[in-house]
Number of protein chains: 2
Amino acid sequence: MADSTPKIQPATTGELDERKAAILNAVVAEHIDTAQPVGSNSVAANDAVKVSSATVRSEMVALEREGFLVQPHTSAGRIPTDKGYRFFVDHLGRGVLPQTQHSTLSNFFSHLRGEMEDVLTQTSQMLNEMSNYTSVIIAPSHASATVRSVQVVDLGPRRCVVVAILSDGEAVRRTLELPFEITPEQVNEASTQIASLLFGNTLEQRVEVPSRDTPVATLVREAIASLYRSTPTFEEDRVYIGGSAKVADTFDTVEAVRNVLGLLEKEIVVVNLLEDILQQGLSVAIGSEHGYEPLSTAAVVVAPVTVDGEVAGAVGLLGPTRMNYPEALATAEMVSQQLGQRLGDLIGDR
Amino acid sequence: MADSTPKIQPATTGELDERKAAILNAVVAEHIDTAQPVGSNSVAANDAVKVSSATVRSEMVALEREGFLVQPHTSAGRIPTDKGYRFFVDHLGRGVLPQTQHSTLSNFFSHLRGEMEDVLTQTSQMLNEMSNYTSVIIAPSHASATVRSVQVVDLGPRRCVVVAILSDGEAVRRTLELPFEITPEQVNEASTQIASLLFGNTLEQRVEVPSRDTPVATLVREAIASLYRSTPTFEEDRVYIGGSAKVADTFDTVEAVRNVLGLLEKEIVVVNLLEDILQQGLSVAIGSEHGYEPLSTAAVVVAPVTVDGEVAGAVGLLGPTRMNYPEALATAEMVSQQLGQRLGDLIGDR
DNA sequence: CTTTGGCACTCGGTAGACTCGACTGCCAAA
DNA sequence: TTTGGCAGTCGAGTCTACCGAGTGCCAAAG
């Protein structure tokens, strides 16, 4: 048993002696596989554990005392705690993605075409199908992109739309209600004024706008103000979720499913969650390590997406605490790396 | 019991005599309330039913023979079939939204600001919270919007972005890889050429493009081709879903939850689903009436959103077949009407 | 002919008794 | 220190009995 796809390789042990580590390893691995409490007998059957079940039992008592394992009830096997899982991912097996996955992956990326939105949507779907966990991708922020062009377009009576195009190819669009009619010439005039005012700046760097009171000046002021105004959807559009339906399968209780889905709906929270985890330098957040209540029965695997050496986004997998960490880690890392390359090509040098 | 929010008003009966209708009504109402099979006794207790339980029993046998009810097993009460629900929504009580909801609704809309995306996102969330069902909103299609402006922006070596602004305020953006370097003057030249070629046309009306072989002509051709190319996200962006987490609560089986969530992920399918239902002239699709397998245990309530007298979108609520139809219908209709008005203001005359 | 109360019957669900088996913890011997 | 053995615990499954909700049928009343 426990022959899930990636081979688990023994690694150095930490604060636990080698035997305890081997036992913990065996417990975690089997529990991930079977979702059942693990007893001393099946642990003793593991090749890496070279002692009898009686010894295993006494070691398990110690592991329980130290907080790595819990017993759901007397006369049951044991289940890893969050701390147990943490030790597992820190010290024990790292997965190696089998060749087949590796090649389907590069095959996928070589056939991938289109705008960044499409690339990310498709990647998150693929990632979900590949890992069987819900996938989350955070796209690069537009915060550091600079304005390359601005245009105001007249849409009809007292209504126009202003579009700014950023150096990363993103278009920021705002509609404007004007208190007065305006001529095409004035619209053009405003367009060029705005463009020259904002060109080369990010939308975060606020630019001084002359406050005269002509129609054109008002339009310019209003348009720039609207571009500076951030809309709720702007940050949320960075989130791509693949396979939220999987949540219904991977988590056991309705409660957990509701919580996780509820959180996934709040996309800004998702962005923060992943960024928090990365900021802490983690690649896995287990149980309540990330401090997000609704995810206390979940684990999140994250890999940063680096473009031109800078962290630009993230790839995440979300599952129950007893998710297959070695495999999930390997998959997320692989995908984030490939995706980073791809995004690099897509954005080009700014 | 069965005192859910909207008052249920007796209405004309159809192919069923009045007594059968009253009994069916009672069964459906109580089953919606309790989610349990309904027996002859509780039906007889209903004020609208003026006969004894024995009579109710024999009528229920008839209703079962005619396919309006089923018995999960002998010695259990009865449950409405899809046909039973259908009769209920067609002939029986229509809900009237209580004053409180009505006023929170108009309050909500009067405080609603921002771009269409934001309006729709917030409305779908509000609709979900108000109805406790998963809400779906389909935004107006851009198919009939005409091009008002096109601009090509140089982004760096051999890369540029082309943005078309449509009469409804939408921006269509495509990035382009060029096989050659290009000067700012050429970009401008191309911009104006494309704009004058496409101006006033929709993106569905294909325009003849002169096929010369100069850099500018190539750029023009490529840019127009890219605008005509529809991307996967374009139609999908019309869908706004509020409260997919509710699916976990409203449906009873994991199977159903997975199916529904899986379908909600495929946003194009959601668009088609709602449009199909409206096309059939229905406002409710129960069970398999819509022909979408995964939703065979679900019901969908739809109300068209009309802008300037034309159907421009839809508002939907998705729940189990035993959802509270009177309330859901009333809510969806109310919201769709208000939303239609709001979108009318937002789009203005094109 | 319709409606009704009565009655036998069905069947799901619950509670209790019992068994089985998977564990553990402890202990004495190696 | 490790191990096998053993008693003890407790969940899960099975069996039985029983209760009660609900039906179908029927004969009598309207």
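Computation of the quantities below employed the complete heavy-atom set of this structure, encompassing side-chain atoms and omitting hydrogens, waters and symmetry-equivalent molecules. Throughout, a chain's letter reflects where its sequence line sits, starting with A, and its residues are numbered from 1.
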Using whole Å, what does the distance between atom P of nucleotide D:dT23 and atom CD1 of B:Ile23 come to? 11 Å
Do NZ/NE/NH1/NH2 and the carboxylate oxygens of A:Lys83 and A:Glu66 come within less than 4.0 Å? no
I'd like to know if A:Asp249 pairs up with A:Lys246 as an ion pair, taking the criterion as any Lys NZ or Arg NE/NH1/NH2 lying under 4.0 Å from an Asp or Glu carboxylate oxygen. no
Can you tell me how far NE2 of B:His31 sits from CG of B:Leu69, rounded to the nearest 0.5 angstrom? 10.5 Å
Check: C:dC23 base within 3.5 Å donor-acceptor of A:Ser75 side chain: no
Atom CD1 of A:Ile79 and atom P of D:dG11 are separated, to the nearest Å, by 14 Å
Is the phosphate of D:dG8, meaning OP1 or OP2, less than 4.0 Å from a side-chain N or O of A:Thr74? no
Please state whether the phosphate of C:dC23, meaning OP1 or OP2, lies under 4.0 angstrom from any side-chain nitrogen or oxygen of A:Arg78. no
Looking only at side-chain N and O atoms, does A:Tyr133 offer a donor or acceptor that is under 3.5 Å from a partner on A:Asn324? no
Any side-chain donor-acceptor pair under 3.5 Å between A:Asp276 and A:Tyr292? yes
Check DNA chain D against residues 44-64 of chain A and give the residues with a non-hydrogen atom under 4.0 Å, in numerical order. A:Val51, A:Ser52, A:Ala54, A:Thr55, A:Arg57
Answer yes or no: is there an ion pair linking A:Asp82 with A:Arg86, defined by an N-O contact shorter than 4.0 Å? no
In whole angstrom, what separates A:Asp17's CG from D:dT1's P? 12 Å
For B:Lys20 and C:dT3, what is the distance between atoms NZ and P respectively, to the nearest whole Å? 10 Å
Think A:Arg19 has a side-chain N or O under 4.0 angstrom from the OP1 or OP2 of D:dT1? no
If you compare all heavy atoms of A:Val49 against all heavy atoms of A:Ala26, which two are closest, and at what distance to 0.1 Å? CG2-CB, 4.3 Å
Take atom CG of B:Asn41 and atom C1' of C:dG5, then tell me their distance rounded to the nearest Å. 12 Å
Determine which nucleotide pairs with C:dA30, using a 3.5 Å limit on both distances of a Watson-Crick or G-U wobble pair. D:dT1
In whole angstroms, the gap separating C1' of D:dG8 from CD of A:Gln71 amounts to 13 Å
